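Below: one structure, written as structure tokens.
Just so you know, these numbers come straight off a predicted model, no measurement behind them. Each chain gets a letter, A, B and so on, in the order the sequences are listed, and its residues count up from 1.
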Protein chains: 2
Amino acid sequence: MKVEILKDPDVKSLTEILERTIKRRTILISGNCWISYWGRASSKLKPGERIVIIKKDGALLVHRPIGYEPVNWMPGDEIIYHVESEPQQSVDEQSTGGHINFEEPVLSIRAVRLKPRETIKIFFDKVYLFAALNLVDKGEFSLYASEEDMQEAILANPSLIEPGFQPITYEKRVEPGFVDVFGIDRDGRLVVIEIKRRTAGREAVLQLSRYVSSLKGKVNRDVRGILAAPRIARGVQKLLVSLGLEFKSLDPKRCAEILNKKRARSLEEFY
Amino acid sequence: MKVEILKDPDVKSLTEILERTIKRRTILISGNCWISYWGRASSKLKPGERIVIIKKDGALLVHRPIGYEPVNWMPGDEIIYHVESEPQQSVDEQSTGGHINFEEPVLSIRAVRLKPRETIKIFFDKVYLFAALNLVDKGEFSLYASEEDMQEAILANPSLIEPGFQPITYEKRVEPGFVDVFGIDRDGRLVVIEIKRRTAGREAVLQLSRYVSSLKGKVNRDVRGILAAPRIARGVQKLLVSLGLEFKSLDPKRCAEILNKKRARSLEEFY
DNA sequence: GAGTGGATTTCGCAT
DNA sequence: ATGCGAAGTCCACTC
């Protein structure tokens with residue numbers, strides 16, 4: 001069955017259908033609930049009307065009517081669920097605060113994550129909508145103009161940095177941290193490139209500086225440090241120069257375009 | 001009306017109800033859709049069955065049947081929506097990939113965010129469930145065992161650090177950065193405490209070291225630096241010692257418990 | 001308005 | 001397992 005929808009269901013039917021569908025279907029529940037969380041931190045959420053999503057892999061999301069982020073959540077993997085119908089008497093009024101319907105028993109959903117150990121308990125005293133959906137999703141997702149794309153674009157087209165630049169390795173680990181791209185310029189000098197997809201700040205400059213310094217100490221010869229980013233923060237330019245580093249403007253979107261062309265070309269060659 | 005639910009609605013009814021409820025209700029849509037995003041980066045998602053949430057503040061979430069994170073999203077605030085019914089012919093088959101139902105027109109939802117400028121376009125060719133919910137949520141959310149709580153716990157119970165420790169100020173600004181807690185030990189020496197809620201890494205040690213150094217330069221007398229955290233990263237212990245700093249194990253949960261007791265007590269006093 | 005740092009960050013990768 | 005760095009990070013706070 002593709003979709004099972006219950007409108008204003010009672011706790012008994014809910015308990016039953018949840019036990020049957022949890023971690024087998026994508027589940028939507030909307031109603032009045034209160035929530036406690038204990039684990040890496042701990043939290044309490046007093047009663048209110050929210051949306052709860054439980055996915056096939058066990059991932060749990062609680063969304064309030066406002067805001068992009070879930071108020072409570074649990075990433076999938078190794079989540080164990082317990083569903084129970086409980087008499088309302090057991091609910092600690094003080095801990096819940098707001099209004100609770102004392103007529104019917106409450107639905108309790110307990111999610112336990114094993115690593116790290118943490119628990120979310122959700123209590124519903126009123127459910128407006130329950131839906132169990134048998135969703136199939138094999139659609140490919142592709143993201144363009146990420147930092148990884150920028151790196152790939154530089155490797156495919158080194159002149160993006162400057163004429164004569166030759167990449168040698170990328171994402172090479174150097175003490176401390178790592179370098180995004182590592183190569184040689186037209187004069188044979190070592191070049192370390194740090195890539196940022198957004199405006200580069202002080203942190204990026206200091207990081208690059210550490211790379212360059214540690215490398216200089218090892219190879220005992222000149223090393224150029226280039227910060228490749230769409231822009232550099234205003235005050236940071238001076239710092240960059242004072243540390244003997246360079247800046248190269250690099251637009252992530254342009255990198256994405258270059259990559260798209262390259263990918264299209266390799267597709268042509270393939271056919 | 002609290003809840004409006006449509007099961008297997010046609011595109012025409014959807015367009016109508018969406019225009020009436022969007023940014024006025026919490027909206028749930030589940031069906032077969034494909035999505036493109038353009039803004040800070042860009043992405044494409046080929047057809048598949050997902051859940052779309054649109055909140056009253058305009059926040060948009062697209063969830064696949066697996067995983068904790070949304071595959072596409074838009075934070076609320078300054079989001080403009082356009083809802084249209086479109087003939088399927090206009091859909092670029094190549095850009096969508098998988099299966100598309102060519103019988104009916106498709107529902108298109110376009111969300112435009114102004115700052116930064118970005119756009120999400122969602123096309124549905126089949127909707128299994130549509131729900132518009134009039135949710136009210138005023139429940140208070142409280143999170144415990146934050147870094148701030150640990151600070152508060154130390155101030156309330158200074159012996160957590162060591163016998164005889166006396167806090168003077170907290171979150172005091174010192175060059176560079178700031179100090180979490182600042183006080184005097186039983187021998188009258190200055191103490192700087194840096195608090196970390198989780199395993200303290202190299203960064204925390206270096207930060208504390210900077211505090212202590214700059215303070216020593218100013219007061220021209222001995223200053224102890226104590227890193228208070230649940231644990232310290234393995235390799236970093238040596239660095240800590242070599243910099244003349246100390247480590248004090250401090251469990252955030254225990255801090256939270258202490259605070260809870262303290263708060264309960266003050267509540268008793270209040271009544 | 002931009003920069004800085006934290007997050008129940010999550011996620012991935014490399015040691 | 002642990003640690004480090006990116007993310008369409010988001011978010012709050014400071015300058």
What is the distance from [atom1] of [X] to [atom2] of [N], rounded to the nearest Å?
X	N	atom1	atom2	value
Lys44(B)	dG8(D)	NZ	P	16 Å
Glu147(A)	dG8(D)	CD	C1'	12 Å
Asp180(A)	dA7(D)	CG	C1'	14 Å
Tyr37(A)	dA7(C)	OH	P	13 Å
Arg198(B)	dA1(D)	CZ	P	18 Å
Leu114(A)	dT8(C)	CG	P	21 Å
Tyr68(B)	dC10(D)	OH	P	12 Å
Ile79(A)	dT10(C)	CD1	P	11 Å

Please pick, from [options], the nucleotide with the shortest atom-to-atom distance to any side-chain atom of [X].
X	options	value
Asn72(A)	dT10(C), dT8(C), dG6(C)	dT8(C)
Arg202(B)	dT8(C), dG8(D), dC4(D)	dC4(D)
Ser146(A)	dT10(C), dT9(C), dA7(D)	dA7(D)
Arg40(B)	dG6(C), dT9(D), dC11(C)	dT9(D)
Arg197(A)	dC10(D), dG6(C), dT9(D)	dT9(D)

Check your understanding: Toward the 5' end of DNA chain C, which comes first, Thr199(A) or Gly67(B), by nearest nucleotide?
Key -> Thr199(A)

Practice item. Show the numbers, then the answer: is there a side-chain contact (heavy atoms from CB on, under 4.5 Å) between Ile226(A) and Leu245(A)? Key: CA-CA 6 Å; Ile226(A) 299 178; Leu245(A) 305 174; over 6 Å; no

**Study point:** Residue whose nearest DNA chain D nucleotide is more 5′ - Lys115(A) or Ile195(A)
**Key:** Lys115(A)

Check your understanding: Which part of the nucleic acid does Phe141(A) contact within heavy-atom distance under 4.0 Å: base, sugar-phosphate only, or nothing?
Key -> nothing

Check your understanding: What is the nucleic acid contact for Glu118(B), judged by heavy atoms within less than 4.0 Å: base, sugar-phosphate only, or nothing?
Key -> base

Residues two or more places apart in sequence or in another chain: which of them pass side-chain hydrogen bond (donor to acceptor under 3.5 Å, both in side chains) with [X]?
X	answer
Asn157(A)	Ser159(A)
Ser142(B)	Tyr144(B)
Arg224(A)	Glu162(A), Asp185(A), Glu246(A)
Thr199(B)	Arg231(B)

Check your understanding: Should Leu45(B) and Val71(B) count as side-chain neighbours, where that means a heavy-atom distance under 4.5 Å?
Key -> yes

Check your understanding: Can you name the salt bridge (Lys or Arg N to Asp or Glu O under 4.0 Å) partners of Arg198(B), sequence neighbours left out?
Key -> none

Point to revise | Sequence-distant partners of Glu49(B), salt bridge (Lys or Arg N to Asp or Glu O under 4.0 Å), two or more places apart | key: Lys2(A)

Review point. Which ones in residues 244-257 of chain A lie close to DNA chain C, meaning a heavy atom under 4.0 Å from one of its atoms?
Key: none

**Study point:** Strand-adjacent residues in residues 229-238 of chain A, judged by heavy atoms under 4.0 Å from DNA chain C
**Key:** Ala233(A), Arg234(A)

Using a cut-off of strictly less than 4.0 Å, decide whether [X] has a side-chain nitrogen or oxygen near OP1 or OP2 of [N].
X	N	value
Arg117(A)	dT8(C)	no
Trp73(B)	dC10(D)	yes
Trp38(A)	dT8(C)	no

Practice item. Write down the distance separating the C1' atoms in dA6(D) and dC10(D), rounded off to the nearest Å. Key: 14 Å

Point to revise | Separation between the C1' atoms of dA7(C) and dC11(C), rounded to whole Å | key: 14 Å

**Study point:** Where Ile161(B) and Lys248(B) come nearest, the two heavy atoms and their spacing
**Key:** O-CD, 3.4 Å

**Study point:** Under-4.0 Å salt bridge between Glu78(B) and Arg113(B)
**Key:** no

Practice item. Write out all pairs satisfying side chain to side chain donor-acceptor pair (under 3.5 Å) with one or both partners inside residues 58-73 of chain B, taking only residues at least two apart or from two chains. Key: Lys55(A)-His63(B), Asp137(A)-Arg64(B), Ser43(B)-Asn72(B)

